[in-house]
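For reference, the structure discussed in these notes is given below.
Note on naming: letters A, B, ... go to the chains in the order of the sequence lines (proteins, then strands), and numbering restarts at 1 for each one. These numbers come from the heavy atoms of this one structure, side chains and all, not from hydrogens, waters or symmetry mates.
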There are 2 protein chains.
Amino acid sequence: MHETNISEATLSELSGKLRAAGLRTTKQRLALADLLFSGGNRHITAEILHAEARANGLAVSQATIYNTLNQFHEAGLLREVIVEQGRSYFDTNLSDHHHFYIESESRLIDIDNQDIAISDLPQTPAGFEPAGVDVIIRLRHK
Amino acid sequence: MHETNISEATLSELSGKLRAAGLRTTKQRLALADLLFSGGNRHITAEILHAEARANGLAVSQATIYNTLNQFHEAGLLREVIVEQGRSYFDTNLSDHHHFYIESESRLIDIDNQDIAISDLPQTPAGFEPAGVDVIIRLRHK
DNA sequence: AGGTAATTTAGAATTATTCTAAATAAATTA
DNA sequence: TAATTTATTTAGAATAATTCTAAATTACCT
Ligand SMILES: [Mn+2]
Ligand SMILES: [Mn+2]
Ligand SMILES: [Zn+2]
Ligand SMILES: [Zn+2]
């Protein structure tokens, strides 16, 4: 039995992910990576991740939650999604996609790249190049 | 001579705008409205507006800057643009348009609706309706 | 195992924004 | 116009997400 309830296979997979990112495989990072990457894709805030970690019995500080999310983001393991003032969402879905955002529920829904077409892109201002295109369709209850 | 340096014509135009929004025409609102609406369109933060107001000799508190931006926004005189974590931009351009965002300069550039085409919009989730579509093209130095 | 550098952490600090409650100013009424 | 009512402004406190600091702990390498 482990300190955590991560399966042997998942554990070595997650370890590899951390190593590849140049990050040491600590108990905290493994457990957070498991929460983030072992299920389906997720859109998650620091607050939610912290709550989930604690609910799963992991003693982890707020600082580590933020450090880890930022390190994973810098390493390209997470994408940051900015849709509301004040707090950041982190997205485990690294594919080229866009979002619906339901403000009343603070919820993001993926829009596959194939399900949207942006054409006639305007000329990029001289000296700059596109670093990413974010499409956010804000939704309200009908 | 006025307490402010707003022209007679502009003044009555701005007063009308405030009245139409159900807001009293105060010295502060008139001066801020002049900064916001009397030149070309702008993308502005609370901090920048406050600095400009003070630079123009208007004694106005931080609270009033925030109150005014929020009231103008609620009244539909300003659009809010969220592109970075932490702070909001307010946009005087109410036409249907999108944005380039130069993160290194904290600068927004308008993309006219005619210069971009979003087609094949995905089906909106049941029970919801689109409240707005934001396209942000993030730029970095080449 | 021992040495070194990375990581974690509690708690303080920071930043943008909102709130509170008292003073002031605008609008309305008499 | 004076009195009254209601909205606005404001200083300063409060809040909320995030980052920083510096000390303790842990991972990794030899
Ligand atoms: Mn980040
Ligand atoms: Mn607002
Ligand atoms: Zn997503
Ligand atoms: Zn704009």
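Under the 3.5 Å distance criterion, with hydrogens and angles disregarded, no donor-acceptor pair is assigned to the side chains of A:D134 and A:H98.
Contacts between residues 64-84 of chain B and DNA chain D, defined by a heavy-atom separation under 4.0 Å, are made by B:T64, B:N67.
If you measure from atom NZ of A:K27 to atom P of D:dT26, you get 8 Å, rounded to the nearest angstrom. Spacing between atom CD of A:Q85 and atom C1' of C:dT18 amounts to 11 Å, rounded to whole angstrom units. Between the P atom of D:dT18 and the CD1 atom of A:I48 lies a distance of 11 Å, rounded to the nearest Å. A:R29 places its CZ atom 11 Å from the P atom of D:dA27, with the value rounded to the nearest Å.
Between B:T26 and D:dT9 there is a side-chain polar atom (N or O) within less than 4.0 angstrom of OP1 or OP2. Residue B:Q28 has a polar side-chain atom (N or O) positioned under 4.0 Å from OP1 or OP2 of D:dT10.
Counting any heavy atom pair closer than 4.0 Å across all strands shown, B:R87 reaches sugar-phosphate atoms only and no base atom.
Side chain of B:R24, nearest nucleotide from D:dA27, C:dA26, C:dT17: C:dA26.
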All N/O pairs under 3.5 Å across the protein-nucleotides 11-13 of chain D interface:
none

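Across the helix from C:dA1-D:dT30 to C:dA30-D:dT1, the helix axis at one end is tilted relative to the axis at the other end by 30° (nearest 10 degrees, each axis from five pairs).
Taking the six-membered ring for Trp and the full ring otherwise, the centers of A:F128 and B:H141 sit less than 6.0 Å from each other.
Within 6.0 Å of CD on B:E47 lie no more than 12 heavy atoms contributed by other residues, nucleotides or ligands.
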